[in-house]
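Hydrogens, waters and symmetry mates play no part in the numbers below; they use all other heavy atoms, side chains included.
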Amino acid sequence: MHPVVLMHAHDLDYSLRGFGTWVYGRYTAAAPAGGMHVIVAGGGRVGSQTATHLVDQGHSVTVVESHEPTADRIPESDRIEVVLGDVISPEILERTPMERAAVFAALTGDTNANVAACYMAQTGPGSIRTVMRIGSDDEREYDDHDAIDAVVFPEAVGAENATNQILRS
């Protein structure tokens with residue numbers, strides 16, 4: 001089992017360096033590994049897969065997940081640390097290694113929690129880029145928020161892939 005820390009209660013392509021995803025209607029290819037540390041809020045399907053892809057490319061990840069059974073399903077790796085707690089809790093963010101992170105990715109299924117988490121990440125020490133998952137295509141208005149550097153819509157990449165496979169000859 002991976003280590004679990006128990007705790008209470010520019011350029012768009014650069015902002016997503018290290019993992020490919022669907023952003024603003026286009027797919028950005030993964031960049032070469034740079035050895036950065038990334039904080040991922042949300043350890044469900046999107047967060048867990050993102051963490052795995054980042055580790056595969058040579059990065060280290062801290063995943064913050066509030067639901068213990070979900071946290072237990074995050075793949076084991078010596079480059080993934082799991083923090084059990086609510087990402088919008090100031091106590092949890094204080095105990096998360098924000099000072100060594102290059103990017104904070106709010107990838108929970110709750111858009112409002114993701115907005116709050118990005119704002120909280122921006123108030124921490126140093127400069128950190130933020131990437132926020134949105135729950136639907138009509139929520140793109142979040143791209144104008146000061147604390148949000150990039151907005152991702154993971155369901156769009158799935159739809160694009162399905163379309164490509166359907167139309168494949």
Side-chain angles (χ1 to χ4, degrees), residues 4-28 36-54 59 61-74 80-160:
V4 175
V5 180
L6 296 176
M7 298 183 185
H8 303 292
H10 0 298
D11 183 355
L12 191 56
D13 290 329
Y14 174 77
S15 68
L16 298 169
R17 188 173 56 116
F19 57 100
T21 191
W22 188 263
V23 183
Y24 297 120
R26 73 178 226 225
Y27 187 77
T28 60
M36 67 179 164
H37 186 74
V38 178
I39 307 290
V40 173
R45 288 180 296 185
V46 174
S48 180
Q49 285 293 314
T50 300
T52 299
H53 288 295
L54 287 166
H59 305 292
V61 181
T62 298
V63 179
V64 182
E65 172 56 51
S66 62
H67 189 242
E68 192 168 0
T70 301
D72 288 342
R73 288 191 299 270
I74 295 170
I80 297 176
E81 174 187 17
V82 177
V83 174
L84 186 59
D86 188 348
V87 72
I88 58 174
S89 165
E91 292 114 15
I92 298 301
L93 279 182
E94 285 175 14
R95 295 181 183 165
T96 303
M98 299 292 282
E99 69 282 349
R100 66 183 173 114
V103 179
F104 179 88
L107 303 178
T108 76
D110 182 340
T111 301
N112 292 329
N114 291 343
V115 171
C118 285
Y119 274 93
M120 293 176 75
Q122 287 287 336
T123 63
S127 175
I128 191 167
R129 297 192 58 76
T130 58
V131 177
M132 187 188 94
R133 175 185 177 185
I134 57 174
S136 67
D137 196 32
D138 63 344
E139 293 177 339
R140 293 189 191 272
E141 76 264 8
Y142 291 106
D143 65 343
D144 291 330
H145 284 251
D146 291 339
I148 301 165
D149 296 310
V151 175
V152 296
F153 182 43
E155 289 80 357
V157 75
E160 180 74 14

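The two residues Glu81 and Arg100 make their nearest non-hydrogen contact at OE1-NH2, 4.0 Å. Of all heavy-atom pairs spanning Ile39 and Ala101, the tightest one is CG1-CB, 3.6 Å. For the residue pair Phe104 and Ala41, the shortest heavy atom distance occurs at CZ-CB, 4.0 Å. Smallest separation of non-hydrogen atoms from Ala121 and Thr130: CB-CG2, 4.4 Å. Heavy-atom minimum distance, Gly43 versus Ser48: O-CB, 3.6 Å. Counting all heavy atoms, side chain and backbone alike, Met120 lies closest to Pro90 at CE-N, 3.8 Å.
Remark: Thr70 pairs with His67, Arg73 by the side chain to side chain donor-acceptor pair (under 3.5 Å) rule, at least two apart or across chains. Residues satisfying the side chain to side chain donor-acceptor pair (under 3.5 Å) test with Ser66, not counting sequence neighbours, are none. Residues satisfying the side chain to side chain donor-acceptor pair (under 3.5 Å) criterion with Thr108, sequence neighbours excluded, are Asn114. For the side chain to side chain contact (heavy atoms under 4.5 Å, CB included) test, residues two or more places apart in sequence or in another chain that qualify with Glu155 are Arg133, Phe153. For Arg45, the side chain to side chain contact (heavy atoms under 4.5 Å, CB included) criterion is met by no residue, not counting sequence neighbours. Listed by chain and residue number, Val61, Val63, Ile80 satisfy the side chain to side chain contact (heavy atoms under 4.5 Å, CB included) test with Ala51 (two or more places apart in sequence, or in another chain). Asn112 meets the side chain to side chain contact (heavy atoms under 4.5 Å, CB included) test with Asp110, Tyr142; sequence neighbours excluded.
Remark: side-chain polar atoms of Asp149 are not paired, donor with acceptor, to backbone N or O of Val131 under 3.5 angstrom.
Each of Val152, Leu107, Val40 was compared with Val46 under the side chain to side chain contact (heavy atoms under 4.5 Å, CB included) criterion, and only Leu107 meets it.
With values rounded to the nearest 0.5 angstrom, Gln122 atom CD is found 13.0 Å from His145 atom NE2. The OG1 atom of Thr52 sits 9.0 Å away from the CD1 atom of Ile74 when rounded to the nearest 0.5 Å. Between the CG atom of Asp146 and the SG atom of Cys118 there is a distance of 12.0 Å, given to the nearest 0.5 Å. To the nearest 0.5 Å, atoms OG1 (Thr111) and CE (Met132) are separated by 5.5 Å.
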Where do Leu93 and Val87 land on the side chain to side chain contact (heavy atoms under 4.5 Å, CB included) test, with the steps shown first? CA-CA 6 Å; Leu93 279 182; Val87 72; 4.3 Å; yes
